[in-house]
Amino acid sequence: MIRVSGAAPNVLGLMLNPVDVMVEMQKSEGNTGAMWWTEYLAFGRGVTAHLDFYREMMHGDHLPLSLRDRHALALEASRATGCTFCAQHHEEILDQDVPDETETDDDCDDDNEDKAALLAELASVLSRDPTAAVGFRERFRSAGFTAAQFQHAIFVVSYCNFASRCALAMELVAEDDEAPDEATSSEGVDDDASVDHQ
């Protein structure tokens, strides 16, 4: 297992550099984002796309779902895939008392327990058995979600499934998790590996 520190280095670089993206994201999340991204730098283009999509789906401007809903979806999806590393990340963010207020006039009411339960169910079902997700679109419409909110939820859950599978394959664990003593960097990764910005 690869232990991952929660502290981010202060690194200068070009825009769209994965290091810059992650540092920016950590600031927006109260610096809770772990340094998992350093384990992917051998394939710079991949980690840049990974972080860009995360930033757009989770921290973009004027998104359909509230920030709390996004991280609640991500937490449920991470739990469903068995990724404790990702689950801990989103749990820490939610523990920071993420505001419940919505970000657009169309956002769902976070106080509505039925809506919250439906979001959690979608995250679990879509993560465990995507073929069983048939019918959620109508259920979301009936519950008062907009089409944009439903589609945003799908993107958040699907992204988290991708991120969890990457973390599991890379054997990432949080720094305080128990794991065999191993090097903190991936085997076979060139320390001088360049980041592809194309």
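Every value quoted in this text rests on a predicted model; they were computed, and no experiment measured them.
Atom CZ of Phe136 and atom CG of Leu119 lie 10.0 Å apart (nearest 0.5 Å). Put simply, CZ on Phe145 and NZ on Lys115 are 5.5 Å apart, with the number rounded to the nearest 0.5 Å. Note that CD of Glu56 and CG of Leu63 are 7.5 Å apart. Values are rounded to the nearest 0.5 Å. Remark: Ser124 OG to Leu73 CG distance equals 11.5 Å, nearest 0.5 Å. Rounding to the nearest 0.5 Å gives a distance of 11.5 Å between CG of Leu94 and CZ of Arg70. Of the inter-residue distances, the one linking Glu39 atom CD with Cys166 atom SG reads 13.0 Å to the nearest 0.5 angstrom.
Using modelled atom types, one finds no donor on one side chain facing an acceptor on the other under 3.5 Å when comparing Glu92 with Gln96. Gln88 and Thr84 share no side-chain donor-acceptor pair at under 3.5 Å.
With a 4.5 Å cut-off on side-chain heavy atoms, Ile93 and His89 count as touching. When side chains are defined from C-beta on, Leu168 does not count as touching Phe85, because their heavy atoms never get closer than 4.5 Å. Side-chain contact check for Leu75 versus His71: every heavy-atom pair is 4.5 Å or farther apart. A heavy-atom distance below 4.5 Å is found between the side chains of Leu172 and Tyr40. Contact of the Phe53 side chain with the Met58 side chain is not registered, since no non-hydrogen atoms from C-beta on lie closer than 4.5 Å. Contact of the Glu91 side chain with the Arg79 side chain is registered, since non-hydrogen atoms from C-beta on lie closer than 4.5 Å.
Taking all atoms of both residues into account, the shortest heavy-atom contact from Cys83 to Cys86 is SG-SG, 3.2 Å. The two residues Ser78 and His90 have their closest heavy-atom pair at OG-CD2, 3.9 Å. The two residues Leu118 and Ala143 come nearest to each other via the heavy atoms CD2-CB, 3.8 Å. Closest of all the heavy-atom pairs between Leu126 and Ser158 is CD2-OG, 4.1 Å. Taking each heavy atom of Arg165 and Thr81 in turn, the nearest pair found is NH1-CG2, 3.3 Å.
In terms of modelled atom types and a separation under 3.5 Å, the side chain of His152 and the main chain of Met57 share a donor-acceptor contact.
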Full working for side-chain contact (heavy atoms from CB on, under 4.5 Å) between Thr146 and Gln151: CA-CA 9 Å; Thr146 67; Gln151 291 172 21; over 6 Å; no
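For CZ of Phe155, the number of neighbouring non-hydrogen atoms (other residues, nucleotides, ligands) closer than 6.0 Å is 12 at most.
A cation-pi contact, defined as under 6.0 Å to the ring centre and within 45° of the axis, is absent between Arg137 and Phe140.
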